[in-house]
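One structure below.
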Amino acid sequence: MSNTLDTLWYTRCPVPTGLGIAIQQGWLEEAFRAQGTRLSSLLESSDFAKRESHFSHTVQNSVRHGGNIPAISARARGRDTRVIGLSWADETQLILASPESGITSVRDLKGRRFGLPNWKNVEIDFSRAQAIRGLENALRLEGLEVSDVELVDQDIETHYSDGQAQTVGGMLAWNGRSTSRARANNLELIALLRGEVDAIFLKGASGAQIAHQFGLTTVIDTGIHPDPLVRANNGTPRTLAVDGHLIDNHFDAAVTIAEQVLRAEHWAQSHPSEVRRYLARETNSSEYWVSIAYGEDAHTKLKTGLAEQSIVALQDFTDFLHRWNFIPQSFDVRQWIDPRPLEAAQPLALAS
């Protein structure tokens with residue numbers, strides 16, 4: 001039996017998720033208001049520690065749907081979190097080179113300089129981890145290893161959680177983010193344009209748009225490779241995760257979360273134009289670049305479940321993060337998953 005929940009804290013990444021659609025539609029807030037529960041956004045909090053929970057999963061009674069690296073990191077560091085669903089929406093994962101470098105194939109990367117972000121003051125450097133994953137997967141397709149290229153760190157002294165977000169027209173915008181903070185997000189791109197490195201990794205709608213705007217050479221897009229383990233990265237699969245306190249003390253709330261995510265995804269299947277518009281807001285991009293990065297059929301990819309492919313890929317990626325010392329230990333992801341909320345939510349979502 002669940003107790004009354006006063007506040008549910010939520011957060012999602014600027015990527016395609018069912019939770020994001022449910023929030024934009026107002027369905028999540030409506031469902032919890034009926035239960036006497038208030039919704040609050042972690043990223044819009046004025047408290048740094050709460051904003052940081054987007055990456056660290058430290059706030060009690062919270063839900064996060066997005067890239068799996070922060071969720072995996074929190075679990076590996078002993079925080080009591082549970083995965084209640086996994087979604088898989090393939091996206092562009094680009095190794096990009098400057099035209100002047102002469103790099104046109106993965107084999108051309110051997111012995112060349114690869115720019116990597118290096119956030120100095122964060123618990124988990126997800127941007128660096130996803131870049132190394134994309135690079136390693138690309139190189140191994142040609143029998144090469146990361147040790148065959150020269151890694152050039154772009155040191156960043158600021159913090160992910162600097163600046164408070166606010167919702168503007170359904171889109172998250174950030175306050176207090178200085179020019180130096182904006183540059184921090186693009187240091188490897190700046191290094192590439194200056195000729196200080198030869199290649200970098202970018203992904204998603206922003207990555208596709210940047211590649212076009214600066215006329216960069218696409219060496220490979222691992223996001224379209226037929227092997228799901230080659231495509232497996234921070235966003236494939238994405239984790240729908242809650243803290244253990246919510247599951248143990250407010251189980252009905254976990255069911256409601258899953259129900260509204262499934263409801264949003266079911267709605268998305270027959271509303272491609274609206275979904276494309278919503279995803280443009282989520283990704284802070286345009287509908288055109290959403291289509292390029294996630295496909296014209298992006299609306300059909302919003303499906304949260306516990307598919308075997310997603311579980312296997314999540315384990316493979318968790319092992320990768322440990323092998324590269326991004327997390328202190330690996331673990332059995334199957335023990336991390338609690339299927340009960342999703343199982344209880346499925347008939348409710350179909351009936352809504």
Side-chain angles (χ1 to χ4, degrees), residues 13-17 66-69 86-99 101 103-109 114 126-127 129-146 149 188-189 192 199-239 265 268-269 272 275-276 279-280 282-283 285-305 307-317 320:
C13 297
V15 293
T17 64
N68 60 51
I69 292 175
L86 296 168
S87 61
W88 189 302
D90 284 312
E91 61 185 349
T92 55
Q93 298 184 51
L94 304 172
I95 302 292
L96 298 168
S98 64
S101 70
I103 297 172
T104 59
S105 71
V106 172
R107 293 202 66 80
D108 293 337
L109 292 169
F114 194 88
F126 78 87
S127 58
Q130 67 186 12
I132 291 178
R133 174 68 169 196
L135 176 63
E136 181 177 82
N137 281 353
L139 290 170
R140 286 186 169 182
L141 292 174
E142 295 293 339
L144 299 172
E145 294 291 340
V146 174
V149 305
E188 65 269 38
L189 171 64
L192 183 70
I200 60 174
F201 171 88
L202 294 176
K203 74 175 190 71
S206 62
Q209 186 171 1
I210 287 169
H212 173 77
Q213 286 178 329
F214 292 98
L216 304 179
T217 300
T218 296
V219 180
I220 189 174
D221 180 359
T222 56
I224 60 173
H225 194 276
D227 185 347
L229 289 186
V230 174
R231 304 197 308 274
N233 205 322
N234 184 37
T236 37
R238 295 188 174 96
T239 46
E265 292 172 345
Q269 306 306 306
V275 169
R276 194 159 47 245
L279 295 186
E282 288 291 279
T283 59
S285 183
S286 70
E287 294 179 43
Y288 173 78
W289 291 113
V290 163
S291 297
I292 294 297
Y294 303 106
E296 292 285 349
D297 60 345
H299 62 289
T300 68
K301 299 175 182 177
L302 292 170
K303 294 180 179 178
T304 294
E308 182 66 14
Q309 171 183 295
S310 295
I311 296 172
V312 170
L314 189 66
Q315 184 67 67
D316 183 75
F317 192 53
F320 159 84

>> Run V106 and L139 through side-chain contact (heavy atoms from CB on, under 4.5 Å) and show every step you take.
In response: CA-CA 6 Å; V106 172; L139 290 170; 4.1 Å; yes
> Hey, mind stepping through D316 and F320 against side-chain contact (heavy atoms from CB on, under 4.5 Å) and telling me if it holds?
Replying inline: CA-CA 6 Å; D316 183 75; F320 159 84; 5.5 Å; no
> Can D297 and K301 be said to form a salt bridge (charged side-chain N to carboxylate O under 4.0 Å, His left out), step by step?
Replying inline: CA-CA 7 Å; D297 60 345; K301 299 175 182 177; 3.5 Å; yes
>> Would T92 and T218 count as a side-chain contact (heavy atoms from CB on, under 4.5 Å) here? Give the steps.
In response: CA-CA 11 Å; T92 55; T218 296; over 6 Å; no
>> Test side-chain contact (heavy atoms from CB on, under 4.5 Å) on V15 and R238; report intermediate values, then the result.
In response: CA-CA 10 Å; V15 293; R238 295 188 174 96; 3.2 Å; yes
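Without hydrogens or angle criteria, T283 side chain to L279 main chain gives a donor-acceptor distance under 3.5 Å. A donor-acceptor contact shorter than 3.5 Å is absent between the side chain of E282 and the backbone of T17. Remark: side-chain polar atoms of N137 are paired, donor with acceptor, to backbone N or O of V230 under 3.5 angstrom. A donor-acceptor contact shorter than 3.5 Å is absent between the side chain of T217 and the backbone of V219.
Using a 4.5 Å cut-off on side-chain heavy atoms (C-beta onward), T304 and L86 make no contact. The shortest side-chain heavy-atom distance between R276 and S291 falls under the 4.5 Å cut-off. Inter-residue side-chain proximity for F201 and E188 is flagged as unmet; no heavy-atom pair is nearer than 4.5 Å. Within the 4.5 Å cutoff, no side-chain heavy atoms of F214 are placed close to those of L96. A heavy-atom distance below 4.5 Å is found between the side chains of K203 and Q130. Side-chain atoms of I220 and L141, non-hydrogen and from C-beta on, do get closer than 4.5 Å to each other. Two residues are said to be in side-chain contact when any heavy atoms from C-beta on lie closer than 4.5 Å; L144 and L109 fail this criterion.
Applying side chain to side chain donor-acceptor pair (under 3.5 Å) to R231 and the options T236, T222, D90, D221 leaves one that passes, D90.
For the pair L202 and G207, the tightest heavy-atom approach, listed with the atom from each and the gap, is CB-CA, 3.8 Å. Nearest heavy-atom pair, E91 versus G235, reported as atom, atom and distance to 0.1 Å: OE2-CA, 4.1 Å. The two atoms that bring L302 and A268 nearest to each other are CD1-CB, 4.0 Å, heavy atoms only. Residue S286 comes nearest to A280 through the heavy atom pair C-CB, 3.8 Å, listed as atom of the first residue, atom of the second, then distance. Minimum heavy-atom separation, P237 to N68: O-ND2, 2.6 Å. Considering every non-hydrogen atom in both G67 and C13, the closest pair reads N-SG, 3.4 Å.
Rounded to the nearest 0.5 angstrom, S127 OG and N234 CG are separated by 9.5 Å. In this structure, S310 OG and Q315 CD are separated by 13.5 Å, a value rounded to the nearest 0.5 Å. Rounding to the nearest 0.5 Å places CG of L189 at 5.0 Å from CD1 of I200. Atom NE2 in H212 sits 8.5 Å away from atom CD in Q209 (nearest 0.5 Å).
S105 and D108 are linked by a side-chain donor-acceptor pair at a separation below 3.5 angstrom, with hydrogens and angles left out of the test. Judged by distance alone, the side chains of N233 and Q93 do bring a donor and an acceptor atom under 3.5 Å apart. In the model, Q269 has no side-chain atom that pairs as donor or acceptor with a side-chain atom of T300 under 3.5 Å.
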